[in-house]
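As structure tokens, the structure follows; a few thoughts come after it.
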There are 2 protein chains.
Amino acid sequence: MPPPPEAVSGPAGTAPAALPTTERGRRMRARLLAAAREVFERDGFLEARVTDISAAAGVAHGSFYTYFGSKTAVFRALVAETMDDLYASMGTRHEPGPPDGSPEEVAVHRIDRANRRFVAMYRQNTALMALFEQVTTFDPEVRALRQAARERNVGRVRHSIEQLQRDGLVAADLDAEYSAHALVAMVNGLVHYWLVLDGEFEQERLVAALTRLWAQALGLPVRT
Amino acid sequence: MPPPPEAVSGPAGTAPAALPTTERGRRMRARLLAAAREVFERDGFLEARVTDISAAAGVAHGSFYTYFGSKTAVFRALVAETMDDLYASMGTRHEPGPPDGSPEEVAVHRIDRANRRFVAMYRQNTALMALFEQVTTFDPEVRALRQAARERNVGRVRHSIEQLQRDGLVAADLDAEYSAHALVAMVNGLVHYWLVLDGEFEQERLVAALTRLWAQALGLPVRT
DNA sequence: GTTGACATTGACGTCGGTGTCAACTTAGCT
DNA sequence: AGCTAAGTTGACACCGACGTCAATGTCAAC
């Protein structure tokens with residue numbers, strides 16, 4: 001009996017592939033994950049072979065299946081891991097003190113910093129982000145992971161907008177929730193589009209455009 | 001010799017698959033193309049099988065290969081065909097006369113119409129557009145097709161902006177070329193993001209947001 | 001140093017989709 | 001009716017990726 005025909009819904013999966021209990025096992029899993037990232041970035045999701053991954057990790061083909069049930073499974077693990085890293089690195093960080101200026105200018109400056117960080121991150125992980133986009137289109141689980149990440153992001157932005165409203169810098173009647181959604185969608189969409197279609201945008205100019213759009217949308221003064 | 005190892009770069013291609021010369025042949029090709037669209041929309045690119053396509057068209061498996069060299073080949077044909085249809089339908093069309101109002105208001109109204117048409121079209125072909133996005137990420141030829149389509153689009157927008165500048169409605173020192181790129185990227189990106197991530201945007205609201213962003217970017221008065 | 005649970009190995013069977021091809025059908029022409 | 005080129009058919013060989021598993025290795029604990 002080759003693959004036990006148990007009705008598990010996993011599209012290409014096999015055994016559950018439990019997490020390792022040993023130190024050695026954990027190292028092995030990590031190596032496989034790193035190798036998977038490498039192979040995926042080089043070959044894309046479709047072209048990547050499980051064989052290539054185990055080969056890149058320098059281990060036997062079979063070992064792969066000790067830790068991951070299928071190619072899709074490693075990919076999901078990779079997405080989860082990367083998303084965590086990503087948000088850790090994007091969390092509130094103490095930037096070199098904001099420039100002197102009116103509260104509005106400081107706010108715009110902060111927005112600019114955030115956009116710059118986002119674009120830079122996207123650029124550094126272009127291959128992987130493109131892969132995420134790709135797999136999102138056909139794997140519901142990956143889509144869910146990204147959706148969750150996006151929700152967290154929207155929440156943070158909404159929070160910032162509400163803060164600005166409390167400070168009297170943004171009109172109180174602005175729908176913070178909806179605006180946050182729109183702004184996040186805009187940034188993600190723009191950067192994704194730029195990325196996938198190899199647009200002509202130069203990084204600095206893209207950041208400037210984003211910041212301007214945000215400022216305009218929120219009614220903050222734009223520095224020309 | 002199974003697949004003749006000729007060094008044609010086609011990733012999964014076979015014979016050239018010439019165009020039909022007979023009326024019958026043309027009908028057959030059209031049927032296959034329609035069936036392909038159907039199957040792709042239902043199953044996605046990866047899950048779609050050449051067998052399913054020929055079955056859906058009600059013809060023998062072998063007939064498929066008379067007209068298309070591979071799954072990728074039909075898909076490309078489908079993209080080309082759809083893009084043509086799409087631009088034909090988006091071309092300048094005589095809308096019900098614009099509302100009375102200042103020239104600025106008329107301009108904004110026209111922008112709103114264009115955005116509305118674009119969103120509606122996207123919505124009607126959601127499945128197919130998502131597929132285009134997906135395949136774009138790994139098929140250079142499809143990417144090229146879309147890039148060309150995007151260039152045409154940017155050209156049209158740039159033309160409109162320049163017209164507005166000539167009419168004195170938009171600042172003359174605005175970089176029309178760059179703005180056109182940015183605006184097109186914004187619309188495509190936003191709509192794509194909304195589509196793929198199943199955002200909460202309601203169609204009317206999305207159109208309104210897009211129009212507002214355009215107007216703000218161009219310095220036109222926004223109707224609140 | 002023996003034990004046994006955990007980890008690793010890689011040759012192998014299976015599976016399903018792909019593309020081929022030789023035989024057959026259709027339809028336009030003389 | 002007979003001929004021929006174009007179109008159609010579907011059984012089949014092939015391929016290559018996948019996931020399995022019996023054998024073997026590792027190492028901490030006793």
Side-chain angles (χ1 to χ4, degrees), chain A residues 1-33 35-36 39-40 43-75, chain B residues 1-8 10-33 35-36 39-40 43-75 138:
Chain A
M1 51 172 113
E6 45 179 302
V8 172
S9 61
T14 16
L19 268 79
T21 62
T22 321
E23 179 53 34
R24 182 161 65 128
R26 251 166 277 136
R27 272 206 311 274
M28 170 100 278
R29 205 189 112 104
R31 274 172 70 192
L32 279 166
L33 209 51
V39 172
F40 281 136
D43 300 342
F45 182 79
L46 292 176
E47 296 301 316
R49 311 281 161 232
V50 172
T51 308
D52 300 341
I53 296 177
S54 23
V59 295
H61 175 66
S63 297
F64 177 90
Y65 290 96
T66 305
Y67 300 103
F68 305 101
S70 66
K71 182 165 77 166
T72 308
V74 228
F75 192 82
Chain B
M1 52 172 114
E6 45 179 303
V8 173
T14 16
L19 268 79
T21 64
T22 319
E23 179 54 35
R24 182 161 65 126
R26 251 166 277 136
R27 272 207 311 275
M28 170 99 280
R29 205 189 111 104
R31 273 172 72 193
L32 280 166
L33 210 49
V39 172
F40 280 136
D43 300 341
F45 183 78
L46 293 176
E47 297 302 315
R49 311 279 162 235
V50 172
T51 309
D52 300 340
I53 295 176
S54 23
V59 295
H61 175 64
S63 297
F64 177 90
Y65 289 96
T66 305
Y67 300 104
F68 304 102
S70 67
K71 183 165 75 164
T72 308
V74 227
F75 192 82
F138 58 79

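In what follows, chains are A, B, ... by sequence order, proteins preceding strands, each numbered from 1. This one's a predicted model, so the numbers in the text were calculated from it and none came from an experiment.
Residues from residues 48-61 of chain B placing a heavy atom under 4.0 Å of any atom in DNA chain D, listed by number, are B/V59, B/A60, B/H61.
Under the rule for a ring pair (Phe, Tyr, Trp, His ring centres under 6.0 Å), the partners of B/F138 that lie at least two apart in sequence or sit in another chain are B/F45. Shown here are the side-chain hydrogen bond (donor to acceptor under 3.5 Å, both in side chains) partners of B/R26, two or more places apart in sequence or in another chain: B/E23. A/R49 meets the salt bridge (Lys or Arg N to Asp or Glu O under 4.0 Å) test with A/E47; sequence neighbours excluded.
Look at A/S63 and you'll find a side-chain N or O under 4.0 angstrom from OP1 or OP2 of C/dT9. The phosphate of C/dT9 has neither OP1 nor OP2 within less than 4.0 Å of any side-chain N or O from A/Y65.
A/S70 places a side-chain N or O within 3.5 Å of a backbone atom of A/A73 that can act as its donor or acceptor partner.
B/D43 places its CG atom 11 Å from the P atom of C/dG17, with the value rounded to the nearest Å. The distance from atom CZ of B/R26 to atom C1' of D/dA6 is 12 Å, rounded to the nearest whole Å. If you take NZ of A/K71 and P of D/dA17, they are 10 Å apart, rounded to a whole angstrom. In this structure, B/L32 atom CG and D/dT9 atom C1' are separated by 13 Å, rounded to whole Å. Atom CE of A/M28 and atom C1' of C/dT9 are 11 Å apart (whole Å). Atom P of nucleotide C/dC6 and atom OH of A/Y67 are separated by 12 Å, given to the nearest angstrom. One atom, CZ of B/F64, and another, P of D/dA11, lie 19 Å apart when rounded to the nearest Å. When rounded to the nearest whole Å, the span between CD of A/E47 and C1' of D/dG16 equals 13 Å.
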Going by atom type alone, with no hydrogens or angles, which donor-acceptor pairs under 3.5 Å involve a side-chain atom of residues 51-63 of chain B and a protein atom two or more places apart or on another chain?
{"residue": "B/S54", "atom": "OG", "partner": "B/V50", "partner atom": "O", "Å": "3.0"}
{"residue": "B/S54", "atom": "OG", "partner": "B/T51", "partner atom": "O", "Å": "3.1"}

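Residue pairs meeting the salt bridge (Lys or Arg N to Asp or Glu O under 4.0 Å) criterion with at least one member in residues 54-67 of chain A: none, sequence neighbours excluded.
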Fill in the blank from the handout: With B for base contact, S for sugar-phosphate-only contact and - for none (protein heavy atoms under 4.0 Å), nucleotides 22-30 of chain C reads ----B----

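Direction change of the helix axis from one end of the helix from C/dG1-D/dC30 to C/dT30-D/dA1 to the other is 0°, with five pairs defining each end axis (rounded to 10°).
Heavy-atom nearest nucleotides on DNA chain C were determined for A/E23 and for A/G62, and the one closer to the 5' end corresponds to A/E23.
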Practice task
Report the C-alpha separation of A/L33 and A/Y67 in whole Å, then their side-chain angles, then the decisive distance to 0.1 Å, and conclude whether the side chain to side chain contact (heavy atoms under 4.5 Å, CB included) test is met.
Solution key: CA-CA 10 Å; A/L33 209 51; A/Y67 300 103; over 6 Å; no

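Interatomic distance, CE of A/M28 versus OG1 of A/T66, reported as 8.5 Å (0.5 Å rounding).
Side-chain contact between B/K71 and B/F40 is present, with at least one heavy-atom pair separated by less than 4.5 Å.
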